[in-house]
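Let me begin by presenting the structure, written as structure tokens, before commenting on it.
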Number of protein chains: 2
Amino acid sequence: MAESKGSTHTKRATYELRQRIVGGALPGGTRLYEVALAEELDISRTPVREAMSRLAEEGLLERARGGGFVVRSFTYRDVIDAIELRGVLEGTAARIAAERGVSADEIRKIRGIVAQIDTCFGAIDSPVDFDRYSELNATFHNLLADLCGSPIIQREIARVKSLPFASPSAFVLGHATSAATHRTLVMAQTQHRAIVDAIESREGARAEALAREHARIARENLETNRNGSDSGQPLPGMALIVD
Amino acid sequence: MAESKGSTHTKRATYELRQRIVGGALPGGTRLYEVALAEELDISRTPVREAMSRLAEEGLLERARGGGFVVRSFTYRDVIDAIELRGVLEGTAARIAAERGVSADEIRKIRGIVAQIDTCFGAIDSPVDFDRYSELNATFHNLLADLCGSPIIQREIARVKSLPFASPSAFVLGHATSAATHRTLVMAQTQHRAIVDAIESREGARAEALAREHARIARENLETNRNGSDSGQPLPGMALIVD
DNA sequence: ATACATCACAATGTATACATTGAGTGACCG
DNA sequence: CGGTCACTCAATGTATACATTGTGATGTAT
């Protein structure tokens, strides 16, 4: 079932397993058995092993002692820490970008994205284009990571963002009441602009503090979503949390 | 040749490949071919693939487009950034430890390590026990990461430290003149004590700043080692740098 | 009842044959 | 001369048989 996408068996298996893990079909702590999965996906053990290997690199699986893989499980505290970590790393990227300086072209480019985000709000009381916001927001965060010009830093940021619940756009989906969400998005956009300003004027400490604080929006949204059940959709990747 | 250690073929191959990479026998950018390596190590392709997969997780290899693996290469700038990153992450661990608080037992334990490091210096003008210092220093940094109590943060710190040149004890080896080294180690030890003090008195910002600055010792040592050739041994992992 | 030895099976580890792909090479044609 | 087609080969992708190992069940002796 669910032949999903991918040209090689390995890619298909990787995709399929990832879907099952973040979707909650394979809860945290579940041990994955090569033979069972191979039969279920109707392929041999070889591509299954390869897929599990890649997912371990991604951070979704852990190698078990004595061989084999286990679905990694996250506590609520882990999610908080992952968001904090993203803030720290994006803050570092912003600080380094400010300290080392970035080209006018790069500033222009990221300002262009910020301007595009503005258009997602539309007129007062008109509905927000969430999908477009989410996509542009992801682009902003990617460009922010690029600004520091350090592959090492970029790589670690990408790593943290690969955890679905720590992604910068995760919070956009689990929106609660329309009014509260609108306020949040406006605040986020203000921070976007301030971060770029700080980088452009070489204010490293300010850029770092702003980017760090910006990540806390995701944390607040997570806490709101967890307490009151006044939310619309569940946040992405919540199935990974065992707590 | 060189059967090295490990119970399974995969472990042996992983160990052997790692040695060749950090030792410079396989320079950055080198493409690894399964068949060639399998013949050379006198095993089949399967454990070779498995070993390469693990080394990719470790960050020593990159998956190439269209399959296969390439030895990851680092520029001098990358090394600087990796050290900076370690400082940022250890700083975060120290700050979180201070903010959330740690048990008296944990403080006692890490203070014990600091006290042991003192004994490596001996009397004035007596030689420093570098091996012991290096080992205890590594223990201190491990305990520091543990203090924050966050598996997510610990994991990322471990990840950065796995790059040989970014390890907290890397600088101890490439020591230059005895007098300069002695000064450096005394300063480092002062910082060790200050970091623990700050964590104990819940001074998060101070703990973070100290840990961040502490990592810069590695950077200074790297720059000294790079410029003047007055150094004794080469720094570990320098073979990875292509520049 | 507990401790320990033994066995059996299930899971991963390994080797290898075969399939597939993709990059390079050469011939052919416009 | 330039382009494109087909061919070739080498490399990875895949399947599968077999080896090995670690764990739990089963038994017995104390």
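Quick caveat: nothing in here was measured; it's all calculated off a predicted structure. Letters A, B, ... are given to chains in the order of the sequence lines, protein chains preceding strands, and every chain is numbered from 1. Only this structure's heavy atoms are used, side chains among them; waters, hydrogens and symmetry mates stay out.
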Presence of salt bridge, B:Arg31 and B:Glu62, under 4.0 angstrom | no
In terms of side-chain geometry, is the basic nitrogen of A:Arg100 or A:Glu106 positioned less than 4.0 Å from the acidic oxygen of its partner?
-> no
Atom pair distance, as rounded to whole Å: CZ in A:Arg45 and P in C:dA10 | 14 Å
Of all nucleotides in DNA chain D with an atom under 4.0 Å from a non-hydrogen atom of chain B, which is the first and which the last going 5' to 3'?
-> D:dA11 to D:dG13
Which part of the nucleic acid does B:Arg63 contact within heavy-atom distance under 4.0 Å: base, sugar-phosphate only, or nothing?
-> nothing
Roughly how far, to the nearest 0.5 Å, is CD of B:Gln19 from OG1 of B:Thr14?
-> 11.5 Å
Nearest 0.5 Å please: distance from the CG atom of B:Leu89 over to the NZ atom of B:Lys161.
-> 10.5 Å
Earlier contact from the 5' end, DNA chain D, for B:Thr46 and B:Gly66 | B:Gly66
Parallel, tilted or perpendicular: which fits the ring planes of B:His214 and B:Phe140, with parallel below 30° and perpendicular above 60°?
-> perpendicular
